[in-house]
Amino acid sequence: MSWPVHIIGTSCISPQPSFDRDVLEEVVAYDRHPLRAITPELKRYVDPVRGRRMARVSRFGMACALNALERAGVKEPGGIIVGTGLGCMESTERFLETMIANDEMMVNPTAFIQSTHNAVAGQIALALKSRVYNYTYLHKGLSFTSALFDAFVQVRDEGGRDLLAGGADIITEDHYAIQRRTGSLKGEQVHNLEVLRSRDRGAIGGEGSAFFVLDQRPRHADDVRLLDVDIRFAPALPDAAEHLHTILDRNGVGPDVIDLVVLGQNGDVEADLAYAPAMRLFPRATIAAYKLLSGDYYTANAFGTWYTWSALRSGRVHPEVRLQEGRKGPYRRALLYDRFRGGDHSVVLMEYG
Amino acid sequence: MEGSVHILGMGVISALGNNVEENLHALLAERTGIGPITRLDTRHRDRLPAAEVKMDNATLAELAGPADPRSWTRTALLALIAARQAVRQADLATDEGRVGLISATTVGGMDSAELIYPQFFHDDAPEEVLRFLGTHDPGDHSERVAMELDIQGLVTTISTACSSSANAIMLGARLIRAGRLDVAVVGGADALSRFTVNGFNSLMILDERPCTPFDRDRKGLNLGEAAAYLVIASERYVHQHGMPSLARVSGYANTNDAFHATASSPEGEGAFLAMRGALELAGVAPEDIDHINVHGTGTLNNDASEGRALERLFGDRVPPFSSTKTFTGHTLGAAGAVEAVYSALAIREGAMFANLRFRDPLEETPALVPVLHTRTGQRIRHVLSSSFGFGGNNTSLVISAR
C-alpha cells in the first residue's frame, strides 16, 4: 500500500520576507554576511514567559512550526520531526564557557537543559500537549532532509496523517568562528545576489527555519504533491547525474519532464563545480540557486524546499536567482538537489497542478 | 510494511568490556562497571562514580583501527569499535543491496571539544587542536564510521537525548519494513565528558554512590560511556544470504510525554503509551512479555514515573524487570542500543540480568521488586526494552526470539 503525499501547509523564517507567506514578493539584497533571519512577531506563537527560558533556535523553530500547522489547518499533528544541524549549539556554547571559566563549580543547569538537541521538538510537543512521535535529526547537510524523509515515509509507506517536519538553525558566535577558521566562509563584505560570480572559495553564512505539514489528503485544490525525498551520504559519488537519474527512474519520469530545478550552489568556486553534471541533465528546465537568498547553513535546504514549493505555487522564479532560463511558469514538476560539503546529497521531487 | 526485522550482528563496548562476550560475562557474574572516575579529568572525580571504558584514546584507536586516527573523537572511536563487531558478526557485504547506517548520540564529539575549546579561537592554535574543528558535530561520528565501513547510502544521525539510539533502531526497523532498506547498521555512541558530568550534576540527579534504580533510597543516576550497534535486516535479506538470525526487532514505538523539558509525568503517560505501542506493533499481549529491561536510571522522578507506567500496563503481573544501568551507568545516546543488545542476549542465554544493589521498593509502587540476582535457564521469548529522555522523549522496543 502506498499513499499520496500532499504538502498541506508550510512556514518559513529566513533572511527574506517569507514568514506567513506563500511567495516572496521581492528578494532582499544584502551587502554583508552572514545573512540574519528576519524575526517575525514571535509572541503570537511563543508564550513570552516560557520564551525567555527557551533558546533562540527553539523560539524560532516553534513559531515556524506552529505557523505551518495553522496554515495547514491542523491542530494535532500525527508526528513532530525536526532537523537541525547545530541543535541548541548556542546553549551548548554558553554552558561550556561557564563550566570552563568556573572550573566546574557553580554551573547553572538552565543552559544544559536548553542544550539538549531535541529541545525544539520537545518544546513544540509541550506547547501542543502532543504525545505523538517526536524525533530530532542532527546530521550536517542531511538534518532537515532526514526529517522530511521520515515524514514522507510515514505518509507514503505507513499511512500516517498530518506529519509536521521542519528544519531550524541559527548562527552562533562560536560556530561562526569555527567556520571562518576552516575557511568555509567568505569575507564579510559580500553581495548575496552576486555570490555565484565570485572567484574565491567559501560560502555565505545564513540562518532560518522552515516547516511543512504532509498528509495523504489535500486540503486545497492547489496543494503541491511530494513525490520523493532521498538522503544519501556519498563523498565518493563522482557524478550526481546518475544518482538523479535513478531517483527520476523510480518515479517513472525522465529529466525532460522536470520544469524547474533548484540547486544548492553557495558561491564556493570549487564546491559549486559539483553541480555541473546536474545542470547538464536538465537542458530545458529553469534552474535556480536558492542559497543566494538564505545563505548556506546545515538546514538551508529547508529554505530551498520552501522556495521550490513557493515557485511551483506561484509559477515564478525570481530573476536574481536564475542560473538557466528554461521553461516558463507555471511549472508542473520541480526537483531540488543539494550537495552539502561534498558528501551529503539531498533530493526532493515535487509536482503541482 | 510486512515481514520481520532480524538482528544479524551485534557489537558493544562499555565499562563491562570491549565486546559482546565480555559484556555478557560481567552481566552473568554480576560485576558492575561503575566505580571511581579514573580517566576523565574532572573536578568531581573523587565524589561521583561513573562507568568508564578504562582505555585511553590511543588504545581505543588501536582497537578501532581507523585509517587515520589523529582527528577521531572518543565518541567516534567507541562507535567504530562496536559497529565493526556488529558488521563482522553479520558478515555484512556493504556493496550488496540497500545498506543504511543510522547512528545516535547526545553530545557527539564533546569529549574532544571541551578539551580544546579554550584554544580553538586563538590565532596561534596548534595543529593538534585545529584538526578537531568540526568533530563536535553529532553527524561527525556517523560519517566517519560510514566511511570506514564503506557504507554509502542512507546515513543519518538522531539526537533525542537518552532515547537516541533506541530511536535509531526504530528508524532502521521502520525503513526495512517499509522496503526502503534491506539491511542497516543501527545504534549509538557517547563518550563520557565533563560537559555531561557537570550538566547532570547541576541538575542534582547524580548519585554519589553506585546507583540503585527502583530502590526507595535511590539518589540519582551514574553516567557511563559506551557504544553499541546492531545489524538488522529484512526477512528476504536473511533468506537470500542464509544468515542466522539472532533475534527479531518485533515492536517499537516513540511517544512524547509532553509534560516537562526534563521531568517525566507522575502517571508516566508517555512511557505507558510507548510500551503499549511497542507491544501492539509486535502483536503480543502484556502477559507474553517475559522480561523487561527498564529505563531505570535511578533518579527519583524516572523510576516513580516508569514504575507507575509499568503498573498501568501490566497491572499486578509486571514481568521480571531489571535496570542494567546498575552495571553500565547511564550511557545516554548509547543506552538504547546497549540495552537492545542485552535484551537479545537475554533471549539467547535464557538469562535475566540483575538489578544490582536493590533493597526496598518504592512507596508509590510497593509491589515492584526487580530481578535481584542474575537468573539463567529461563525461557525468554519477548523482552521489552525502554529508553526515556529529556524533551519528554519515550521509546520502547520489543526484542523477540527469532
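Convention: sequence-line order gives letters A, B, ...; per-chain numbering from 1.
Most heavy-atom pairs under 4.5 Å with chain B, from the set A:N134, A:L128, A:I178: that is A:N134. Taking B:L130, B:V197, B:T255, B:D137 one by one and counting their heavy-atom pairs under 4.5 Å with chain A, the maximum is reached by B:D137. The candidate from A:F95, A:Y137, A:F233, A:Y133 with the greatest count of non-hydrogen atom pairs under 4.5 Å with chain B is A:F233. Of the residues considered (B:G392, B:G139, B:G391, B:G153), B:G153 shows the highest number of contacts with chain A, using heavy-atom pairs under 4.5 Å. With respect to chain A, the highest number of heavy-atom pairs below 4.5 Å among B:A258, B:S103, B:S159 belongs to B:S159. The residue among A:A121, A:A236, A:A119, A:G122 with the most heavy atom pairs within less than 4.5 Å of chain B is A:A236. If you tally non-hydrogen atom pairs under 4.5 Å between each of A:A177, A:P235, A:G343 and chain B, the highest count goes to A:P235. When A:L142, A:V107, A:I124, A:T92 are compared by the number of non-hydrogen pairs under 4.5 Å with chain B, A:T92 comes out ahead. For the options B:A104, B:A146, B:A161, heavy-atom pairs under 4.5 Å to chain A are most numerous at B:A161. Counting heavy-atom pairs under 4.5 Å between each of B:T105, B:N254, B:L154 and chain A puts B:N254 at the top. Of all the listed residues (B:N394, B:L133, B:T196, B:L273), the one sharing the greatest number of non-hydrogen pairs under 4.5 Å with chain A is B:L133. With chain B as the partner, the residue from A:D344, A:T84, A:V132, A:D174 showing the most heavy-atom pairs under 4.5 Å is A:D174.
Between A:F112 and B:T262, the closest side-chain pair of non-hydrogen atoms is not below 4.5 Å. B:F195 is listed as a side-chain neighbour of A:S115, based on a closest heavy-atom distance under 4.5 Å. The side-chain heavy atoms of B:N201 and A:E104, taken from C-beta on, include no pair separated by under 4.5 Å. Contact check for B:M170 versus A:Y135: side-chain heavy atoms found under the 4.5 Å cut-off. Within the 4.5 Å cutoff, side-chain heavy atoms of B:R194 are placed close to those of A:M99. A 4.5 Å side-chain heavy-atom check between A:T116 and B:T106 finds every atom pair outside the cut-off. Between A:I80 and B:N256, the closest side-chain pair of non-hydrogen atoms is not below 4.5 Å. A 4.5 Å side-chain heavy-atom check between A:R156 and B:R180 finds at least one atom pair inside the cut-off.
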**OP:** Before giving the answer on side-chain hydrogen bond (donor to acceptor under 3.5 Å, both in side chains), spell out for A:E97 and B:Y117 the whole-Å C-alpha distance, their side-chain angles and the decisive distance to 0.1 Å.
**Re:** CA-CA 8 Å; A:E97 254 162 50; B:Y117 186 82; 3.0 Å; yes

Subject >> Step-by-step side-chain contact (heavy atoms from CB on, under 4.5 Å) determination, B:I158 to A:N118 >> reply: CA-CA 9 Å; B:I158 292 168; A:N118 63 332; over 6 Å; no

**OP:** Decide side-chain contact (heavy atoms from CB on, under 4.5 Å) for B:M110 and A:L96; before the verdict, give the C-alpha distance in whole Å, the side-chain angles of both, and the deciding distance to 0.1 Å.
**Re:** CA-CA 10 Å; B:M110 180 57 81; A:L96 195 54; 4.1 Å; yes

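Between B:H136 atom NE2 and A:L86 atom CG the span is 9.5 Å, to the nearest 0.5 Å. Between atom CZ of residue B:F272 and atom CZ of residue A:R131 there is a gap of 11.0 Å, rounded to the nearest 0.5 Å. With rounding to the nearest 0.5 Å, the separation of OG in B:S164 from NE2 in A:H117 is 9.5 Å. Interatomic distance, NE2 of B:H44 versus CE of A:M105, reported as 7.0 Å (0.5 Å rounding).
The parts of A:E93 that come within reach of chain B are both its backbone and its side chain, each placing non-hydrogen atoms under 4.5 angstrom from that chain. At a 4.5 Å heavy-atom cutoff, the contact between A:Q154 and chain B is made by backbone and side-chain atoms alike. Heavy atoms of A:M89 lying under 4.5 Å from chain B belong exclusively to its side chain. With a threshold of 4.5 angstrom between heavy atoms, A:D230 does not approach chain B through any atom at all. Looking at A:L138, the atoms closer than 4.5 Å to chain B (heavy atoms on both sides) sit in the backbone and in the side chain alike. Only the backbone of B:F259 comes within contact range of chain A, with at least one heavy atom under 4.5 Å from a heavy atom of that chain. Neither the backbone nor the side chain of A:R53 comes within contact range of chain B; no heavy atom of the residue lies under 4.5 Å from a heavy atom of that chain.
For NZ of A:K75, the number of neighbouring non-hydrogen atoms (other residues, nucleotides, ligands) closer than 6.0 Å is 12 at most. By the 6.0 Å contact criterion, CE on B:M204 is open, its count of non-hydrogen atoms from other residues, nucleotides or ligands being 12 or less. The environment of CD in B:E267 is crowded: more than 12 heavy-atom neighbours from other residues, nucleotides or ligands sit within 6.0 Å.
The two atoms that bring A:L126 and B:A261 nearest to each other are CD1-N, 4.0 Å, heavy atoms only.
For A:H139 and B:T157, the side-chain atoms include at least one donor-acceptor pair closer than 3.5 Å.
With respect to the salt-bridge test (charged N to carboxylate O, under 4.0 angstrom), the residues A:D150 and B:R174 qualify.
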